[in-house]
Structures are given as structure tokens and as C-alpha cells.
Amino acid sequence: MRIALASDHAGFDLRQAVAAHLASLGHDVLDLGPAEKARCDYPDFAAKVAGAVVGGETELGILCCGTGVGMSMAANKVHGARAAVVSDCFSASATRQHNNANILCLGERVVGIGAALLIVDAFLGADFEGGRHAGRVQKIMDLEG
Ligand code: RB5
């Protein structure tokens, strides 16, 4: 699967671990930076990943910052993005199955790297179930106007 990935400085180390993990699983990683751990603004990188996903360049996206929250707030401003900040495996699966989330947001200051990689596996291993969830997701998208 082709997956877009980015972080800010606070999610930089987690992003390196996620990138290596995805590559070890055979995924095609589109790493959108930053190249260095210097302080930067998470909305800039949320926009890059959300743009890649919504534009069809990648199937899914993963964003890492200190909490995952700022990344999710920024990514969800992009039309078509459904970004979910997740700290547990159940929510990671459920947000794919029920919400058709297309971007996973992780907080390096919230979850350890070991847990984060399991969350990534849960997110990538689940598929949207459609059915009763489809209309609800459409209602979310309709809120974008
Ligand atoms: C950076 O200090 C921090 O605010 C950012 O990584 C993120 O946690 C914002 O939501």
C-alpha cells in the first residue's frame, strides 16, 4: 500500500520508526518530511499528507506530532480528509471500519513507539465496513459543505 507520512519536530522520532516499520512490511512510503528535527509548524505537514491522500497520490496517510491532536485538527480542514487521532488499537481498527478514516494521527508524547507500531498495524489491517456506516460517513462529509 502507498502511504503518505509526515511529522513535526515533536513527532520526528516516531515518524522514523513508523517509516522503517512500514518499509519492513513492504509498504511504499511517501515521506513528506521534515528532513530535520528543527522546530516547525505541524499544520504545514498535515496539509502535505492530507493533500496526498485526498488527491489520490496515496491510499492512506499517517501524521505524527506531540499529541496527534494538532495534526488531526489541521488535516481535517482539508476537504475529503478524515483524520483520526488514536492512542489504542481498538480505536485504530474501529476508525477504519466505522469512520472510513484515511489518515492516522499519532502522538509521540502520548504513546510509546512499540504501542504506536501496533496501532499502525491495527489501522492498516482494518477496512471500511460500509453498510450502516456509509450514510453516517457521508453525513460527516456533508458537513464540509
Ligand atoms: C509541538 O510542541 C506540539 O504542540 C505539537 O507537536 C502537537 O502536539 C500539537 O498538537
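Counting starts at 1 for both ligands and their atoms, in listed order. Note that the numbering runs from 1 along the sequence shown for the chain.
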So which protein heavy atom does [atom] come closest to, and at what separation?
{"atom": "atom 2 (O) of ligand 1", "answer": "R109 NH1, 3.4 Å"}
{"atom": "atom 4 (O) of ligand 1", "answer": "Y42 CE2, 4.3 Å"}
{"atom": "atom 7 (C) of ligand 1", "answer": "C65 SG, 3.4 Å"}
{"atom": "atom 8 (O) of ligand 1", "answer": "T67 N, 3.0 Å"}

>> Test your reading of the structure: does G70 have an N or O sitting under 3.5 Å from an N or O of ligand 1?
In response: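 G70 vs ligand 1: N/O contact under 3.5 Å present.
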For ligand 1, note which part of [X] has a heavy atom under 4.0 Å away: side chain, backbone, both or neither.
{"X": "A10", "result": "side chain"}
{"X": "D8", "result": "side chain"}
{"X": "M71", "result": "neither"}

Can you check whether [X] reaches [Y] side chain to side chain, under 4.5 Å on heavy atoms?
{"X": "E108", "Y": "C64", "value": "no"}
{"X": "D127", "Y": "R96", "value": "yes"}
{"X": "S7", "Y": "P34", "value": "yes"}
{"X": "I62", "Y": "V49", "value": "no"}

>> Does D8 form a salt bridge (charged side-chain N to carboxylate O under 4.0 Å, His left out) with R39? I'd like the steps, not just the answer.
In response: CA-CA 7 Å; D8 68 356; R39 192 164 293 167; over 6 Å; no
> Can you check whether A92's main-chain N or O pairs, donor with acceptor, with T95's side chain at less than 3.5 Å?
Replying inline: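 Answer holds: no.
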> Given the rule in the side chain to side chain donor-acceptor pair (under 3.5 Å) test, do R2 and T58 qualify, once you have shown the distances and angles that lead to the verdict?
Replying inline: CA-CA 5 Å; R2 186 156 164 81; T58 66; over 6 Å; no
> Counting from 1, what ligand 1 atoms have a heavy atom of G66 closer than 4.0 Å?
Replying inline: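 In order of numbering, the contacting atoms are 5 (C), 6 (O), 7 (C), 8 (O).
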